[in-house]
Number of protein chains: 2
Amino acid sequence: MDLSSIEIFLAVARDRSVTKAAKAVGRVPSNVTTRIQQLEEDLNVSLFSRDGKKMTLTREGETFLAYADRLMALALEARQAVRPLAPSGTLRVGTMESTAASRLPAALTQFNRMWPDVSLHLTMGASRDLARAVVGDALDCALIARPPKAMRGEDADFEAGLKALDMEPVFVEELLIVLPSGHPAIKSAADLRVGSIAALEPGCTYRRIAENWARKSSALPTSELGSYHAILASVATGKAAGVMPRSVLDLMPWPTSVQTHQLGLVETLLISRKNDHPSAFNAFHEVLSARKGRDIRLATN
Amino acid sequence: MDLSSIEIFLAVARDRSVTKAAKAVGRVPSNVTTRIQQLEEDLNVSLFSRDGKKMTLTREGETFLAYADRLMALALEARQAVRPLAPSGTLRVGTMESTAASRLPAALTQFNRMWPDVSLHLTMGASRDLARAVVGDALDCALIARPPKAMRGEDADFEAGLKALDMEPVFVEELLIVLPSGHPAIKSAADLRVGSIAALEPGCTYRRIAENWARKSSALPTSELGSYHAILASVATGKAAGVMPRSVLDLMPWPTSVQTHQLGLVETLLISRKNDHPSAFNAFHEVLSARKGRDIRLATN
DNA sequence: CTCCATAATTCCGGAAATGAGATTTTTTCC
DNA sequence: GGAAAAAATCTCATTTCCGGAATTATGGAG
């Protein structure tokens with residue numbers, strides 16, 4: 001029994017879907033299928049009942065889920081416990097607005113409980129600026145979104161800066177275009193019936209992805225707003241289409257009255273300077289890694 | 001982090017030796033070394049201090065040991081918990097005298113605590129007879145010693161019977177010739193200054209191994225006794241050399257006053273009919289497997 | 001002090017497990 | 001009934017893992 005199998009199991013159990021779980025843990029679906037099958041064979045019990053496309057836990061799966069959670073928690077605790085010098089001092093973490101809203105609350109709570117002696121300094125910003133700050137030692141690490149492969153050529157500086165850094169994927173976000181409530185479904189930016197695209201700062205990767213997508217088939221201007229709440233308010237007026245990951249949208253008070261269009265999946269990376277990993281950073285890294293498959297994914301169906 | 005690495009870690013931690021741990025978990029020493037190194041790298045901490053040939057736990061190793069134990073226990077509990085139908089009824093287990101004495105007490109206690117509804121029927125006997133009983137459905141499973149490769153040809157019937165069974169190694173025993181207290185050290189059977197070799201029944205694998213060894217350089221008769229206590233008493237008279245695994249000798253009341261000679265390592269196998277694994281058997285199998293690296297090895301140094 | 005036996009590590013080749021894609025099958029939704 | 005989507009299956013390249021041989025290091029005996 002391998003702890004990575006258990007991580008995969010947890011993801012499938014939560015998402016009730018091989019495909020989604022695969023995205024969440026950064027693997028390919030066929031692989032997830034086989035790992036689950038191996039686990040089932042190893043335990044000699046069927047963990048999921050395959051009702052067509054849905055994967056629902058069997059009764060045995062439910063009981064195993066409880067143990068799986070405890071095993072992961074215990075493994076994390078073990079990792080943290082053997083740290084020779086208890087992390088202390090300050091850790092300067094940079095984060096995107098969206099990650100701060102959706103993913104960090106739980107993780108930071110956990111981290112604080114484990115290492116109360118570390119004082120966390122959170123800085124919000126766009127991916128570009130955060131990366132620069134890490135390179136320039138103004139931050140110890142940051143959570144950023146890297147543009148998808150196809151767009152990497154456009155911002156050579158950014159990419160060059162990343163070369164000097166350690167990077168590790170910790171989350172996967174589904175990036176959305178959010179449309180006003182009455183707006184018809186769209187296939188491409190040409191179908192947009194709004195006056196602008198509402199996004200955050202220019203250095204924001206999500207904004208760049210959206211602009212890149214829009215540019216192909218329309219000439220909409222971008223209107224710059226300060227927060228995701230402001231963006232959604234702007235969408236609510238009917239004048240703009242917003243850009244945000246699903247995890248953020250799911251937190252918002254208007255759950256149903258918006259139409260969305262998928263722009264694709266974007267990884268969130270934890271970046272840090274190579275060979276400069278203070279104990280507090282490693283602890284933070286471990287806490288984030290342990291949450292990989294485990295975060296609440298709110299009402300994806 | 002892989003649970004098999006943790007099993008290996010536990011073995012090394014207990015034995016303070018890569019070589020012994022390798023035997024205990026049924027692997028080759030180089031492999032054990034690598035797995036420990038991987039674990040250390042993964043945790044980014046040094047678990048053992050290599051003082052020459054000894055492997056002693058570091059302080060971090062000590063704290064990890066506690067977690068390792070809990071992880072293995074939790075994993076076993078998880079396995080047992082998902083069993084769809086709780087084992088019940090009876091399980092007929094055959095065992096060698098030696099295994100019953102040294103290895104089973106702890107395992108059976110644990111098993112009884114977990115599955116009080118299973119009534120265990122223990123039968124003691126020689127490996128040959130036990131194997132026959134399993135084939136003939138007089139037992140559900142048995143713990144036997146298989147002759148080492150070199151001797152397999154001699155008892156074709158026995159080997160043929162095993163072909164029809166599932167086999168899995170669960171323990172490794174160090175087989176010894178036990179000499180009377182004043183007896184000089186020996187290199188081979190030719191150096192023996194006793195009248196006979198004291199062993200159990202003819203079907204006993206340990207006896208056969210000893211006879212095979214003796215035959216090469218002496219013509220000593222075998223005197224057959226009914227129990228290991230009887231054998232040791234016979235050795236104490238100075239007239240015989242006894243045959244028994246170290247784990248049994250270690251349990252005996254005369255710890256120091258005997259001289260021993262190593263005959264080699266012999267695996268203890270759990271055998272069962274193929275495709276005939278009642279729930280209670282699987283539970284028993286899991287309990288034994290989980291103890292692989294964990295049993296108390298008494299004063300090997 | 002040197003040689004020898006023992007233990008750990010390193011090195012290397014074959015075997016097994018893993019993961020990514022392509023393909024197939026099944027199900028659900030039009 | 002057909003199209004879309006999801007899971008399972010298959011294949012292949014890659015990685016990892018394991019066992020055995022060679023190497024290094026240590027402690028003990030002469």
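Throughout, a chain's letter reflects where its sequence line sits, starting with A, and its residues are numbered from 1. Remember, it's a predicted structure, so these values are computed and weren't measured experimentally.
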Taking the side chain of [X] as its heavy atoms from C-beta onward, which of [options] lies nearest to it?
{"X": "B:R35", "options": "C:dT9, D:dA7, D:dC17", "value": "D:dC17"}
{"X": "A:N31", "options": "C:dA8, D:dC17, C:dG19", "value": "C:dG19"}
{"X": "B:P29", "options": "D:dA7, C:dT9, C:dG19", "value": "C:dT9"}

Pair A:E174 + A:K23: basic N to acidic O under 4.0 Å: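 Here A:E174 does not pair with A:K23 in a salt bridge, since their nearest N and O are not under 4.0 Å apart.
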Distance-only polar pair, side chains of A:R35 and A:S4, donor-acceptor under 3.5 Å: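 Note: A:R35 and A:S4 side chains meet the donor-acceptor criterion.
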side-chain N/O A:S17 vs D:dA7 OP1/OP2, d < 4.0 Å: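 For A:S17, the contact criterion (side-chain N or O under 4.0 Å from OP1 or OP2 of D:dA7) is met.
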B:T34 side chain near D:dC17 phosphate (N/O to OP1/OP2, under 4.0 Å):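 No.
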Measure from [atom1] on [X] to [atom2] on [N] and round the result to the nearest Å.
{"X": "B:D51", "N": "C:dA8", "atom1": "CG", "atom2": "P", "result": "12 Å"}
{"X": "B:K53", "N": "C:dA5", "atom1": "NZ", "atom2": "P", "result": "12 Å"}
{"X": "B:K54", "N": "C:dA8", "atom1": "NZ", "atom2": "P", "result": "11 Å"}
{"X": "B:E41", "N": "D:dC17", "atom1": "CD", "atom2": "C1'", "result": "15 Å"}

Plane angle bin for B:F9 and B:F48 - parallel if under 30°, tilted between 30 and 60°, otherwise perpendicular: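 The arrangement is tilted - the two ring planes meet at 30° to 60°.
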